[in-house]
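Everything on this sheet refers to the single structure shown next.
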Amino acid sequence: MSTPEEAKSSDFIRNIIQEDNRTGKHQGRVMTRFPPEPNGYLHIGHAKSICLNFGIASENPGGLCNLRFDDTNPEKEDVEYVDSIKEDVRWLGFDWEDREYFASDYFDQLFEHAVTLIKKGKAYACDLPADKMREYRGTATEPGKPSPGRSRSVEENLDLFERMKNGEFKEGEFVLRAKIDLASPNFHMRDPVIYRVRHVHHHRTGDKWCIYPMYDYTHCISDSIEKVTHSICTLEFEDHRPLYDWILEELEIFHPQQIEFARLNMTYTVMSKRKLLELVKGDYVSGWDDPRMPTICGMRRRGVTPESLRAFCKTIGVTKFNSMTDKVVLENCIRDHLNQTAPRVMGVLNPLRVVIDNYPEDTSEELDAINNPNDESAGSRKVPFSKVIYIEKEDFMEDPPKKFFRLSPGKEVRLRYAYFVTCVDVVKDENGEVIELHCTYDPETRGGDAPDGRKVKATLHWVSEAHALDAEVRLYDHLFSTPDPEDVPEDVDYKSNLNPESLQVLSGCKLEPSLKEAEPGSRFQFERLGYFCVDTRESTPGKPVFNRTVTLRDTWARLEKQQENQPKGK
RNA sequence: UACCCGGUAGUGUAAUGGUAGCACAACAGAUUUUGAUUCUGUUAGUCAAGGUUCGAGCCCUUGCCGGGUAACCA
């Protein structure tokens with residue numbers, strides 16, 4: 001028996017591993033790794049990779065997944081990113097125990113292996129400048145031509161590489177190249193650079209090195225050192241696999257299998273680190289953790305749960321096909337989990353004052369409200385009710401269309417957990433805008449049921465004016481207004497697709513008083529509206545701030561939209 | 001352009017030569033003190049052409065379409 005949570009999910013990668021286990025390829029051992037470069041914050045695409053790598057490890061007996069920082073480019077990397085990555089992986093619910101590695105920890109071994117390659121005549125020092133090297137590499141139809149350094153002797157190469165390490169050369173003066181095949185149709189095999197000179201400080205190794213290994217060279221050896229059995233990466237590395245294999249074969253060391261899968265694309269957002277960094281640096285968003293960002297920290301701040309992110313990753317699957325996942329799939333996973341776990345409360349975002357004419361003055365009463373209909377153990381709470389309350393502006397229409405069930409003159413509705421009320425008067429300001437309603441209530445309907453069995457079509461949420469907690473509420477919409485913001489003509493910047501209305505800040509929202517004690521980060525369902533959480537950065541007891549994580553499904557809004565689209569409706 | 005990879009309902013994915021299934025979306029209905037949730041039902045798919053086979057989404061060939069690669073980034 002298996003619960004839905006642990007239901008088996010299979011994909012082509014898991015199938016390969018299963019087959020390897022069956023044939024005893026690695027004696028049943030399964031070792032994966034999550035290898036981020038610490039040059040940015042993790043986003044939901046990384047979550048897919050994290051869930052894949054850690055998930056596979058946990059599904060196999062004795063399986064392990066390492067966290068390894070691919071930190072071979074000190075110019076772009078920083079400890080700030082290292083720390084955030086660790087926090088995000090942990091928050092997502094995964095544990096790498098003591099297996100926290102850095103490619104930079106392997107710099108000595110990497111150097112020795114390069115010496116081995118040189119001694120085998122499989123690597124050489126090359127002093128072609130970058131632009132010349134590009135030229136010498138050839139084109140799609142023409143093979144590359146050998147650089148002058150290609151024929152250097154082993155001794156000379158050994159000496160040159162040693163001097164590169166010792167800092168005798170300026171940046172760009174020399175590189176170390178693998179000697180493979182200048183005529184290969186695969187450009188990565190046309191004598192790729194494996195070491196370059198960089199006189200820069202590294203966030204971990206300090207000034208010890210002035211030569212740094214390249215990704216292709218570093219990654220396969222790092223995997224090998226860690227005895228990774230299955231090295232899972234994204235599709236753009238497919239063309240690198242022959243190089244990955246070549247290096248390990250020449251070095252005659254443990255040979256992991258590289259497997260590529262399609263990275264995640266999602267509608268209404270961008271996923272490239274470069275673009276996300278641009279949005280942060282250009283102040284298009286408030287930071288990496290802006291709740292509109294697809295970053296893990298952004299979604300965390302928005303109120304998304306790790307459970308729903310994991311469920312999402314399971315839902316989208318793993319393939320080699322480039323696809324675009326609809327954002328509603330994510331939203332659905334979020335609603336799914338929050339619906340089970342979030343306590344219900346009442347909050348009015350756009351308050352409309354309602355005076356209940358026949359309710360006694362200077363008194364109030366406490367009504368029982370259920371905390372979570374999906375979780376009996378969540379219990380109930382008391383909500384204060386009094387003569388003046390607020391309801392949502394949207395819940396009243398003076399001249400309602402046919403299917404509008406909510407409040408309008410003469411209509412009776414239920415106030416959730418309270419009473420039936422009937423609208424008897426509408427107060428307007430000089431502009432004709434409704435500013436206050438007068439209602440009467442039926443004392444017999446206390447708690448929300450009519451003893452005479454009469455029904456109402458709508459139940460409204462409300463907050464007592466005298467007891468209300470004032471709060472700021474931030475409503476978020478898609479960061480971009482088009483489903484595929486990167487799909488722009490060549491002369492157009494993707495940022496022109498930024499949604500100018502992605503953030504809406506509401507102040508003077510009225511919340512039920514129980515929310516006074518809400519901890520930063522805690523999540524609630526505001527009944528009939530959506531899921532909200534207390535902002536972890538800017539909310540204070542004196543000035544509470546709530547973020548809307550996601551709306552509830554809203555059939556009425558959809559109907560309204562349909563009517564708008566065909567104004568000829570009956 | 002050369003090379004590599006891919007193409008299954010609107011979207012995301014199963015089917016390892018043997019009944020094309022699931023989820024989301026959409027639509028219709030039931031229930032409902034959240035127009036939520038829940039439940040039921042409906043719509044809708046193998047890129048194309050040829051070949052192999054008793055049998056092809058799956059294998060082969062060609063074409064079409066999409067993506068990737070051509071940094072001293074990862």
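These numbers come from the heavy atoms of this one structure, side chains and all, not from hydrogens, waters or symmetry mates.
Taking atom C1' in both B:A26 and B:A44, the straight-line distance is 10 Å, to the nearest Å. B:G7 sits 8 Å from B:C47 when the P atoms are compared, rounded to a whole Å. When the P atom is compared between B:C64 and B:U16, the two are found 31 Å apart, to the nearest whole Å. Remark: the separation of the P atoms in B:C58 and B:U46 is 13 Å, to the nearest Å. Comparing the P positions of B:G12 and B:U8 gives an interatomic distance of 8 Å, to the nearest angstrom. Here the separation of B:G6 from B:G63, taken at their C1' atoms, is 16 Å to the nearest Å. The same atom, P, is picked in B:A70 and in B:G55; the two are 46 Å apart, to the nearest Å. Taking atom P on both nucleotides, B:U31 is separated from B:U40 by 15 Å, rounded to a whole Å.
One interatomic measurement links the two molecules: CZ of A:F526 to C1' of B:U34, which rounds to 14 Å at whole-angstrom precision. The separation between A:E527 atom CD and B:U32 atom P is 17 Å, rounded to whole Å. Atom CG in A:D554 sits roughly 14 Å away from atom P in B:U34 (whole-Å rounding). Rounded to whole angstrom, the span from the CG atom of A:L552 across to the C1' atom of B:U38 amounts to 14 Å. Counting to the nearest Å, the C1' atom of B:U13 and the CE atom of A:M266 are 17 Å from each other. When the P atom of B:U38 is taken as reference, atom CG of A:N372 falls 13 Å away, rounded to whole Å. Distance A:E394 CD to B:A36 P: 15 Å, rounded to the nearest Å. Between the CG atom of A:D395 and the P atom of B:A36 there is a distance of 14 Å, given to the nearest Å.
Figure legend. B:U16 is base-paired to no nucleotide; pairs are counted as Watson-Crick or G-U wobble with both atom distances under 3.5 Å. Nucleotide B:C58 forms a pair with no other nucleotide shown, judged by Watson-Crick or G-U wobble geometry with both contacts under 3.5 Å. Pairing of B:U11, defined by two Watson-Crick or G-U wobble distances under 3.5 Å, is identified with B:A23. The partner of B:U52 cannot be assigned: no Watson-Crick or G-U wobble pair with both contacts below 3.5 Å exists in any strand. Nucleotide B:U31 is matched to nothing when pairs are restricted to Watson-Crick or G-U wobble geometry with both distances under 3.5 angstrom. The partner of B:U69 is B:A2, judged by Watson-Crick or G-U wobble contacts that both fall below 3.5 Å.
Within 6.0 Å of CZ in A:R198 there are more than 12 heavy atoms belonging to other residues, nucleotides or ligands.
Between A:E512 and A:R381 there is a salt bridge, with a side-chain nitrogen of the basic residue lying less than 4.0 Å from a carboxylate oxygen of the acidic one. Salt-bridge formation is not detected for the pair A:E226/A:R33: no Lys NZ or Arg NE/NH1/NH2 atom is positioned less than 4.0 Å from an Asp or Glu carboxylate oxygen.
In this structure, A:D326 has no side chain to side chain donor-acceptor pair (under 3.5 Å) partners at least two apart in sequence or on a different chain. With sequence neighbours excluded, no residue forms a side chain to side chain donor-acceptor pair (under 3.5 Å) with A:N166. Partners of A:N53 according to the side chain to side chain donor-acceptor pair (under 3.5 Å) rule, which considers only residues two or more places apart in sequence or in another chain, are A:S49.
Residue contacts for A:Y531: at a heavy-atom cut-off of 4.0 Å it reaches no nucleic acid atom on any strand shown. Looking at heavy-atom distances under 4.0 Å, A:I316 makes contact with sugar-phosphate atoms alone, never a base. Using a 4.0 Å heavy-atom criterion, one finds that A:Q525 contacts the bases of the nucleic acid, with or without backbone contacts as well.
Contact between the side-chain N/O atoms of A:T319 and the OP1/OP2 oxygens of B:U13 is found at a separation under 4.0 Å.
Checked options A:K510, A:H461, A:R406; the residue passing with A:E392 is A:H461 (criterion: side chain to side chain donor-acceptor pair (under 3.5 Å)).
Within 3.5 Å, no donor on the side chain of A:R528 pairs with an acceptor on the base of B:G35, nor the reverse. With hydrogens and angles left out, the side chain of A:D11 and the base of B:U13 share no donor-acceptor pair within 3.5 Å.
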Mind listing the N/O atom pairs, protein and nucleotides 24-27 of chain B, below 3.5 Å?
residue, atom, partner, partner atom, Å
B:A25, OP1, A:R553, NE, 3.2
B:A25, OP1, A:R553, NH2, 2.3
B:A26, OP1, A:R558, NH1, 3.4
B:C27, OP1, A:Q562, NE2, 2.9
B:C27, OP2, A:R558, NH2, 3.4

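The ring of A:F107 has its center closer than 6.0 angstrom to the ring center of A:H202. Not less than 6.0 angstrom separates the ring centroid of A:F161 from the ring centroid of A:F174. Aromatic ring centres of A:Y441 and A:F385 lie farther apart than the 6.0 Å criterion allows. A ring-centre distance under 6.0 Å is found for A:Y41 and A:Y81.
An anti orientation is assigned to B:A14, its glycosidic angle lying beyond 90° of 0.
For the side chain to side chain donor-acceptor pair (under 3.5 Å) condition, the pairs that include at least one residue of residues 171-189 of chain A, sequence neighbours left out, are A:N186-A:H188, A:H188-A:H240.
Closest to the side chain of A:F405, from the set B:U16, B:G35, B:A2, is B:G35.
With RNA chain B read from its 5' end, the first of the two nearest nucleotides for A:V318 and A:K457 is the one closest to A:V318.
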key: Nucleic acid footprint by protein, nucleotides 67-74 of chain B - heavy-atom cut-off 4.0 Å, B for base, S for sugar-phosphate alone   = SBSBSBSB
